[in-house]
Amino acid sequence: MTGSPCAVAERLRARAGPGSVLARAPGRVNLVGEHTDYNDGFVLPAAIDRSTWVAARRRDDAKLVLRSDDLGETVTVDLAAPGEGPRRDWSDYPHGLARALLAAGVPVPGADVRIASEVPLGAGLSSSAALLVATGRALLGLAGTAMEPSELAVRCREAENEFVGTRSGIMDPMAALLCERGSALLLDCRSLGHRPVALPGHLRIVVCNSSVRHELASGEYNLRRAQCEEGVAALARANPAIEALRDATPEDLEAVRDSLDPVVFRRCRHVLAENRRVSSCASALESGDLARVASLLADSHASLRDDFEVSCPELDLLVELASGLPGVHGSRMTGGGFGGCTVQLVESGAVDAFRHRVAAAYRRETGRIPEILACEASAGAALDPVPA
Ligand code: GLA
């Protein structure tokens, strides 16, 4: 996708034609709180200034004609055909979301839907949640139906879990919907309570894409979820009030250690410590204690590498290269793991030198060229963000 965000949006609207609605939803990075969302825990993501745009125009029939401008592909699905299942491609996201909205009672009309995205695909920046959320805002706009953002986030998760078939948590759609400009979003993934945490204005969120995507990723993600569930079952036998890892203390975990597989013990130890790091990091950001932020991000990375075992050599290398550089206040892997990106908080004046040094060293060591994006923390999804 080329051109400024407004040029992307205007081109899309022009192609979609009169009477269309236009929606935008951003990608995200997670500053801290990894693999905690499906354990009813806490996360601290920020939306980035790279978005997915969806233009939709009502049709007279019940068909969704889905057009990806980036892929040059068109897929037509019939919302009146209840048995029409997933095709195992990009169209499953908008199609699954339309069906989830219909199941929730929204009168989703047939529509011509055009999609264009600036969010890198498959890099762990949540391009899938951006597509789900932007589609949701556009279809709700066409249907003239209001929906609370947290309810739309639940519908997006439902579409991804049940139609697309990926067991992701609630963090990504909540971030794409509710983040505010200049802030991260402190989110309780059980109550869905949330508040913005302002980021110091002199910092940039720098994302380094390792350009690695291990094929293991989704199988290993599901295995981590199962291991967490195994830990909860053992904790609940000792204390029935524990319904999720979110409810357990380190002492609870220590008390059942002998009954747990050592791998399951380490998975649970990561989640318990990571939940605590989220609130500590929010406080440290708010009090401007950037040394503490850096140390919490370093602990998070070590725990994901050693206890949760979702890092990989390329992510470890990027963190090692970034951590020693001037103006860097923290570095760690971000997202599900097994490739994808690292996130860094970097003084704005130090970003160019950072980019140069990390790119050169990473290329020397791995032969790969990392994509390095300097991002601003951005606002969540919006309908009709550009005047017609
Ligand atoms: C993926 C999932 C999220 C979350 C992260 C790990 O990005 O989509 O729901 O579980 O992994 O924190």
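Order of listing sets the numbers, starting from 1, for every ligand and every atom in it. The residues of the chain are indexed from 1 along the displayed sequence.
- For atom 2 (C) of ligand 1, the nearest protein heavy atom (residue, atom name, distance) is Y221 OH, 3.5 Å.
- Taking every heavy atom of D37 and a limit of under 4.0 angstrom, the matching atoms of ligand 1 come to 3 (C), 4 (C), 9 (O), 10 (O).
- Side-chain atoms of E73 never come within 3.5 Å of backbone atoms of S68 as a donor-acceptor pair (strictly under, hydrogens ignored).
- Enclosure of atom CZ in R59 by more than 12 non-hydrogen atoms of other residues, nucleotides or ligands within 6.0 angstrom is indicated.
- Of all the heavy atoms of R28, the ones lying under 4.0 Å from any atom of ligand 1 belong exclusively to the side chain.
- Shown in contact with D172 at under 4.0 Å from a heavy atom are these atoms of ligand 1, numbered in order with element: 2 (C), 3 (C), 7 (O), 8 (O).
- Between the side chains of S378 and R181, no donor N or O sits under 3.5 Å from an acceptor N or O.
- Note: an N/O pair closer than 3.5 Å links E34 and ligand 1 by distance alone.
- Side-chain contact of Q344 with S331: a donor-acceptor pair under 3.5 Å is present, judged by distance alone.
- Taking every non-hydrogen atom of Y38 and a distance limit under 4.0 Å, the qualifying atoms of ligand 1 come out as 10 (O).
- Polar contact with ligand 1: absent for S168 (N/O pair, distance under 3.5 Å).
- Side chain of S210 to backbone of E314: no donor-acceptor contact under 3.5 angstrom is found.
- At a 3.5 angstrom cut-off on N or O pairs, G169 counts as close to ligand 1.
- Other residues, nucleotides and ligands place more than 12 heavy atoms under 6.0 Å from the NE2 atom of H202.
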